[in-house]
Amino acid sequence: MDSYDAKTIEEKWQRIWEDARAFEVQNPEPGADAAPKSYVLEQLPYPSGTLHMGHLLPYTIGDVVTRFRARNGLRVLHPQGFDSFGLPAENAAIREGGHPRESTERNIVHITRSMRRMGWAYDWARVLSTHDPEYYRWQQWQFLEFLERGLAYRKGAPVKWCPNDQTVLANEQVHDGRCERCGAEVESRLMEQWFFRITDYAQDLLDDLDTVDWPESIKARQRNWIGRSEGAEILFRIEELDEDVPVFTTRPDTLYGATFFVLAPEHELVARVEAEEVREYVRRASAKKTEVRAAAAEKTGVFTGWHAVNPVNGERLPVYVADYVLMDYGTGAIMAVPAHDQRDFDFATVFDLPIRHVVRPAHEDVDEGTAHVGHTEGEILVNSAEFDGLPAVEGGRRIVEKLETEGRGRFAINFRLRDWGFSRQRYWGCPIPVIYCDTCGIVPVPRDELPVVLPDVEDYKPKGRPPLALATDWVNVPCPSCGGPGMRETETMDTFVDSSWYFLRYCDAQNDAAPFDRAAVDYWNPIDLYIGGVDHATMHMIYARFWVKVLNDLGHLGFREPFARFYSNGWVTTGKTKMSKRAGNVIGPDDYVERFGADACRLNILFLGPANEDIEWTESSIEGMARFVRRLWRVVNQAAEEAPAGSASDGRLARKAHATIAKVTDDIGRRYAFNTAIAAVMELVNELSREPAGGPDSRFAAETAVSLVQPYAPHVAEELWERLGHERLWEQPWPVADPALLEVETVEVVVQVNGRIRDRLHVAPDTPEDELVALARRSERVQAHLDGGEVSRTVVVPGKLVNFVITGETVFPP
RNA sequence: GCCGGGGUGGCGGAACAGGUGAGACGCGCCCGCCUUAAAAGCGGGUGUCCCCAUAGGGGGCGUGCGGGUUCGAGUCCCGCCCCCGGCACCA
């Protein structure tokens with residue numbers, strides 16, 4: 001027998017799969033009966049220079065599932081592509097010179113080669129890159145659809161600005177007041193921005209989470225992010241201004257406890273204060289970053305001299321400006337109830353404002369000197385005029401109803417989710433296809449002029465203005481509407497737009513008349529298994545859901561959720577830190593593929609632990625896995641050479657093979673427990689190695705092991721399959737366990753006395769209960785323990801155990 | 001603070017529906033075989049404490065801690081402790 005040579009085998013089979021177009025899949029012909037399908041997809045990768053172990057996990061999971069489902073008779077779509085716009089390439093170009101396109105495309109070539117070497121079964125005929133004009137052309141087309149329906153709009157808004165990257169950041173890209181990308185401190189700026197009206201879909205996005213099969217933790221994050229709160233909007237009149245100001249509150253039951261009123265520094269009315277003290281406070285507050293405000297030890301604020309009238313009792317409340325009230329949540333104004341809100345309490349303490357308790361437990365007293373926060377269950381209203389004594393929740397409702405009849409309040413729902421600001425002052429992104437005209441305003445670029453191709457520029461360095469502004473030939477164009485002078489939009493789209501619809505394009509990747517054909521998209525979607533990391537749980541996966549809902553409302557597709565099932569893979573870590581380019585601790589697979597082969601790497605990454613938890617990379621385990629592959633090689637080769645063909649018996653080895661089929665099928669197909677499936681195959685190989693030449697059963701066991709390991713180690717599996725005298729394992733039906741052989745001939749039934757095992761019986765699995773009890777009683781060792789006690793109860797689990805419960809002294813014999 | 005996920009051998013982990021002595025499978029380590037030697041490979045051992053003993057056998061205790069339910073609990077319930085992740089002046 002020749003020795004195992006991973007490199008030769010892997011190259012051989014990769015060539016064969018490629019020549020056979022083994023993993024390319026066709027869309028169904030229009031009108032034809034659509035075959036049962038499965039759409040398996042890993043989150044779109046950014047094409048950094050090289051693959052690392054962190055990438056191996058999701059892609060190998062996707063590959064195992066793809067190969068498994070294909071052999072189970074499904075038509076499987078498993079494409080791959082590149083999220084190739086974005087800051088890293090642009091920053092690299094600024095740093096090292098060259099065009100971002102050059103380094104990006106070089107990286108794509110390199111990473112594609114690495115992916116092929118891993119043997120992942122992708123339909124490369126559908127590959128896409130988001131920086132390809134043929135891709136973003138259709139993104140611009142969809143943007144125009146959004147724009148025309150008012151779902152994309154421009155407004156001035158305070159935005160998070162990264163002074164280092166010279167660009168606007170989404171809220172999600174800011175962590176602890178710093179740019180998540182470069183770590184620079186984020187500033188706040190007022191700028192005209194493009195927004196998608198995702199807030200229109202907030203309730204929809206929340207409700208439809210109930211229809212998808214995702215881990216609860218991921219759903220929880222999205223719910224958290226959307227942040228729905230129920231409450232009321234209540235109008236307060238500011239006496240001195242004669243203006244009504246709405247506030248949002250989740251605690252209308254505490255309205256009688258309001259003792260002051262607060263406006264956010266950015267609130268429009270604040271501009272009307274003339275006192276220099278207030279103006280100075282507003283200036284200082286707006287310079288402060290939100291996170292610095294939040295971290296402040298003590299609440300700050302300043303009295304405006306105004307008073308707000310509480311609509312429910314006519315009380316005059318002093319109006320303050322304080323930066324603990326945020327302009328971009330609710331209405332930017334609050335009624336302050338220090339007795340029942342910690343923040344208001346803190347403020348009231350600093351400014352020595354009155355604290356009035358209006359909600360308290362029905363049957364106990366509260367300390368009036370502290371804030372009594374966040375309770376409504378079992379509590380009643382006090383100090384609340386005619387509402388006294390009502391349960392808090394009902395009281396709140398009655399108060400709002402009363403205000404409603406007076407036109408001073410209404411029930412309201414508020415979301416934490418904000419509209420999605422998607423314009424970026426950077427170069428390397430999808431151009432926004434609009435033209436500004438002094439006469440016509442914002443004019444969409446006509447669809448037949450798409451794509452608006454990103455022009456080359458001399459200098460990508462951001463200078464506060466987008467680099468595209470420097471491409472004057474490109475910028476200055478006639479207005480499509482009136483023909484007068486116009487200027488192109490020089491901002492580009494957030495790359496999250498690119499990844500909001502790429503999974504649709506895969507379904508019809510070559511379409512040059514539309515983003516995609518609806519029938520093709522409706523056939524393949526929703527995605528049956530979406531695989532990726534938790535870090536995209538709130539941004540990408542909310543945006544893509546929003547995008548699909550809009551396209552559905554516009555009639556472009558027939559479903560409302562893109563990701564029917566989501567599998568969240570863990571991180572690969574070294575030490576305890578997540579492996580990432582930024583952490584500088586990446587270990588690439590290339591070296592290991594060279595030394596041990598792609599098959600060993602694939603097996604290893606899935607064997608290290610449950611794939612939905614973090615996995616620590618260890619050098620020694622891959623050596624163990626290489627050992628397993630060699631062992632498999634040796635044992636199967638020996639069976640191929642020496643074990644005769646013929647029908648398998650019902651002996652131990654054949655039964656083990658059937659049990660392994662059942663286990664692996666369930667582990668991959670239902671449980672997504674990729675590690676235990678490998679362990680099961682190892683057990684089978686261990687048994688086979690005891691008698692590799694043992695007859696037809698050995699050959700059957702060898703074939704079974706090879707067939708079951710194929711999703712994980714497809715190259716060596718194909719090679720061994722061929723040596724066993726067969727061909728094209730990747731097309732063979734997945735093996736089916738014979739239920740008759742899953743039954744073992746004899747089972748061990750435990751005999752317990754008071755739950756302690758005293759003997760074992762070896763009996764047929766279907767031995768009836770009474771017989772089991774009789775056998776158990778006959779046992780000498782059991783007898784010894786039954787002496788001196790009376791059996792008060794006998795528990796029998798057929799095929800498992802008999803338990804005698806005895807009363808009496810001799811529970812534990814000496 | 002709120003939300004989510006976890007605590008099992010020297011290590012990664014298994015035990016999927018409360019039902020066989022927990023610890024599958026692998027890593028590491030130890031002993032042996034093979035070899036001039038090494039590598040590779042092969043065989044065996046490996047939770048912990050105790051007892052009788054020549055082989056071997058027997059028993060106690062063990063899944064973060066404390067209670068509980070049950071004939072029976074890693075698995076269910078109550079109360080703690082600790083770790084990881086997310087969100088957070090969100091009114």
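All figures in this text were calculated on a predicted structure; none of them were measured in a lab.
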**Q** Got a sec, which residues hit side chain to side chain contact (heavy atoms under 4.5 Å, CB included) with A:D770, two or more places apart in sequence or on another chain?
**A**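 Counting only residues at least two positions away or on another chain, A:D770 forms a side chain to side chain contact (heavy atoms under 4.5 Å, CB included) with A:P768.
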**Q** Going by side chain to side chain donor-acceptor pair (under 3.5 Å), name the residues that satisfy it together with A:T665, two or more places apart in sequence or in a different chain.
**A** A:W734
**Q** For A:R565, enumerate each residue passing the side chain to side chain contact (heavy atoms under 4.5 Å, CB included) test, keeping only those at least two apart in sequence or located in another chain.
**A**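 So A:R565 forms a side chain to side chain contact (heavy atoms under 4.5 Å, CB included) with A:D213, A:L529, A:Y672.
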**Q** Using a 4.0 Å cut-off on protein heavy atoms (strictly under), produce a 5'-to-3' string for nucleotides 15-21 of chain B with B for base contact, S for backbone-only sugar-phosphate contact, and - for none.
**A** SB--BBB
**Q** Mind checking side chain to side chain contact (heavy atoms under 4.5 Å, CB included) for A:N224 and listing every partner two or more places apart, or none if nothing turns up?
**A**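 By the side chain to side chain contact (heavy atoms under 4.5 Å, CB included) rule, A:N224 matches no residue at all.
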**Q** Could you identify which residues of residues 600-612 of chain A place a heavy atom less than 4.0 Å from some atom of RNA chain B, listed by residue number, or say none?
**A**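 Of all residues in residues 600-612 of chain A, the ones placing a heavy atom under 4.0 Å from RNA chain B are A:F607, A:L608, A:P610.
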**Q** Only counting residues at least two apart or in another chain, list the ones meeting ring-ring contact (aromatic ring centres under 6.0 Å, His included) with A:F351.
**A**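 With neighbours one apart ignored, the set is A:Y320, A:F347.
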**Q** Please name all residues satisfying side chain to side chain contact (heavy atoms under 4.5 Å, CB included) with A:E642, sequence neighbours left out, ordered by chain then number.
**A** A:Q638, A:A693
**Q** Identify each atom pair where a protein N or O and an N or O of nucleotides 27-29 of chain B are less than 3.5 Å apart, giving names and distance.
**A**
| unit_1 | atom_1 | unit_2 | atom_2 | d |
| --- | --- | --- | --- | --- |
| B:C27 | OP1 | A:R627 | NH1 | 2.7 |
| B:C27 | O2' | A:S620 | OG | 2.9 |

**Q** Give every donor-acceptor pair under 3.5 Å between a side-chain atom in residues 673-681 of chain A and any protein atom, sequence neighbours left out.
**A**
| unit_1 | atom_1 | unit_2 | atom_2 | d |
| --- | --- | --- | --- | --- |
| A:T676 | OG1 | A:D667 | OD2 | 2.9 |
| A:T676 | OG1 | A:A673 | O | 3.2 |

**Q** Are there runs of at least three consecutive Watson-Crick or G-U pairs touching RNA chain B, with each pair's two distances under 3.5 angstrom? Give them by first number.
**A**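 Expected stems, ordered by start: B:1-7 with B:81-87, B:10-12 with B:25-27, B:28-33 with B:41-46, B:47-52 with B:56-61, B:64-68 with B:76-80.
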**Q** Under 3.5 Å between N/O atoms: give me all the protein pairs with nucleotides 4-10 of chain B, atom names plus distance.
**A**
none

